[in-house]
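Note sheet for the following structure.
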Protein chains: 2
Amino acid sequence: MGGDFDLEAFLPYRLNRAAELVSLRFAVQYKAKYQITRPEWRALAALGFHGRMTATEIGAHSTMHKTKVSRAVKALEAKRWLRRIEDSNDRRTEHLELTVLGQRSYREMAQMAQDYERELALLFGEGGLNQLERGLTALENAMLSGMGKRRPRAGTKQG
Amino acid sequence: MGGDFDLEAFLPYRLNRAAELVSLRFAVQYKAKYQITRPEWRALAALGFHGRMTATEIGAHSTMHKTKVSRAVKALEAKRWLRRIEDSNDRRTEHLELTVLGQRSYREMAQMAQDYERELALLFGEGGLNQLERGLTALENAMLSGMGKRRPRAGTKQG
DNA sequence: ACGTAACGGTTGATTTTGTAACTATCAAGG
DNA sequence: CCTTGATAGTTACAAAATCAACCGTTACGT
């Protein structure tokens with residue numbers, strides 16, 4: 001039908017589908033086990049991996065809208081998984097870092113993530129995985145640097 | 001910090017980000033021009049590309065939850081871009097097909113999509129694109145066939 | 001100092017999405 | 001036929017996402 005446009009090959013379509021397939025399976029696991037939402041897992045991961053950072057940084061880095069970050073942080077704080085630390089120079093910003101409890105949860109989930117990754121790796125072979133990763137890298141570089149449009153700054157649209 | 005888990009390299013994370021980056025830019029275009037949502041575009045594309053199909057088929061094919069499809073179809077119908085056709089054997093199902101108006105819109109958007117694709121292609125070179133596509137193919141095959149868990153049937157979870 | 005603008009972050013309202021329950025239909029058995 | 005179970009699709013309600021306005025603070029020009 002219509003034209004020579006191939007929907008099945010259309011990149012946005014394929015990427016969305018792939019992202020869903022891959023991340024949904026994982027999300028099910030940690031949701032079941034830790035009762036946390038995706039934004040919470042993301043914030044936790046960012047903090048666990050990078051160490052102390054501000055809410056804005058988390059957002060910029062994990063492409064989350066600032067309100068999402070704000071709520072995720074609040075939830076994690078309620079769980080006593082992170083604490084806020086005031087900045088001595090600027091009283092607007094607050095530095096966030098995981099508590100011991102939070103660190104432990106992070107490690108467990110990181111382990112889960114690694115297991116999942118391994119599962120994926122042997123599921124579609126090193127070859128396919130490497131190709132995919134290189135492709136993603138190429139894409140990221142192109143999109144973030146090259147593209148005509150300015151990239152969103154911290155606290156802007158997410159996705 | 002914590003363990004040898006590399007968040008930046010974690011596939012679900014990267015794929016989500018990539019999908020967002022790539023499809024958001026495109027979504028902005030058709031939203032601005034045609035006032036339709038992403039599920040609507042997806043349904044339109046599926047119908048335009050494959051011709052007549054049922055709601056369930058659209059969902060299965062484009063990985064959309066059936067309620068999403070239902071609402072998208074309703075919206076497209078309201079725009080007079082598609083019509084429902086009853087099945088003579090089974091009165092539960094309804095076949096959907098684009099009206100002339102819908103077909104025209106589809107063609108225009110398909111053109112837009114192709115332009116965007118070309119833009120992407122030259123942005124990160126044939127090489128990167130091919131790698132990415134091969135990687136995606138590997139992933140799709142692995143996830144859909146190989147995976148231990150039964151794959152979602154029509155009308156199940158989306159993403 | 002002072003006014004204006006920008007920033008970090010939070011909150012409430014609106015919109016979108018997913019979940020679950022429902023209607024109507026069909027298929028298979030007994 | 002009549003029950004049981006599955007299916008296609010819609011709808012009501014709950015959870016989540018986005019949007020817009022806001023507060024307190026800082027930066028800057030004058």
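- Of the candidate nucleotides D:dG9, D:dC19, C:dT10, D:dC19 has the atom nearest to the side chain of A:His65.
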- Item | Pair A:Leu136-B:Leu11, side chain to side chain contact (heavy atoms under 4.5 Å, CB included): steps then yes or no | CA-CA 10 Å; A:Leu136 283 173; B:Leu11 205 58; 4.0 Å; yes
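- Taking the six-membered ring for Trp and thresholds of 30 and 60 degrees, A:Phe5 and B:Trp41 have ring planes inclined between 30 and 60 degrees apart.
- Per the geometry, NZ belonging to B:Lys68 stands 5 Å off P belonging to C:dT17, to the nearest Å.
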Under-3.5 Å N/O pairs linking protein and nucleotides 26-29 of chain D:
{"unit_1": "D:dT26", "atom_1": "OP1", "unit_2": "A:Arg91", "atom_2": "N", "d": "2.7"}

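- Rounded to whole angstrom, the span from the CG atom of A:Leu24 across to the C1' atom of C:dG18 amounts to 11 Å.
- The number of heavy-atom neighbours closer than 6.0 Å to CD of A:Glu86, taken from other residues, nucleotides and ligands shown, is 12 or below.
- Under the 3.5 Å distance criterion, with hydrogens and angles disregarded, no donor-acceptor pair is assigned to the side chains of B:His95 and B:Glu57.
- As a whole-Å value, the separation of B:Lys66 NZ from C:dG18 P is 14 Å.
- Residue pairs meeting the salt bridge (charged side-chain N to carboxylate O under 4.0 Å, His left out) criterion with at least one partner in residues 70-82 of chain B, sequence neighbours excluded, are B:Glu40-B:Lys79, B:Glu77-B:Arg84.
- Listed nucleotides C:dG9, C:dT19, C:dT17 differ in distance to A:Thr93; the shortest reach to its side chain belongs to C:dG9.
- In this structure, A:Leu122 is not a member of the same hydrophobic cluster as A:Leu132, with clusters built from ILVMFWY side-chain heavy atoms closer than 4.5 Å.
- Between A:Glu86 atom CD and D:dG24 atom C1' the separation is 14 Å, expressed in whole Å.
- Between B:Tyr116 and B:Phe26, the ring-plane angle classifies as parallel under the 30° and 60° cut-offs.
- The residue B:Thr67 sits close to a base: some heavy atom pair falls under 4.0 Å.
- Counting to the nearest Å, the P atom of D:dT7 and the CD atom of B:Glu94 are 18 Å from each other.
- Remark: A:Arg83 pairs with A:Glu97 by the salt bridge (Lys or Arg N to Asp or Glu O under 4.0 Å) rule, at least two apart or across chains.
- When each of B:Lys74 and A:Arg38 is assigned the nucleotide of DNA chain D bearing its nearest heavy atom, the one mapping closer to the 5' terminus is B:Lys74.
- Between the CD atom of A:Gln35 and the P atom of D:dA15 there is a distance of 13 Å, given to the nearest Å.
- A side-chain donor from one of A:Gln111 and A:Asp115 sits under 3.5 Å from a side-chain acceptor of the other.
- Note: B:Phe49 and A:Tyr13 fail the aromatic proximity criterion, with ring centroids not under 6.0 Å apart.
- When the local axes at the two ends of the helix from C:dA1-D:dT30 to C:dG30-D:dC1 are compared, using 5 base pairs at each end, they differ in direction by 20° after rounding to 10°.
- At whole-Å resolution of the value, CD1 in B:Ile36 and P in C:dT15 are 19 Å apart.
- Remark: B:Arg84 in residues 76-85 of chain B come within less than 4.0 Å of DNA chain D through at least one heavy atom.
- Straight-line distance from the CG atom of B:Asp87 to the C1' atom of D:dG9: 14 Å, rounded to whole Å.
- Among C:dA13, D:dA16, C:dT17, the nucleotide with an atom closest to any side-chain atom of A:Arg71 is C:dA13.
- In terms of the ring pair (Phe, Tyr, Trp, His ring centres under 6.0 Å) criterion, B:Phe124 has no residue partners (sequence neighbours excluded).
- No donor-acceptor pair under 3.5 Å is formed between the side chain of B:Arg42 and the backbone N or O of B:Met64.
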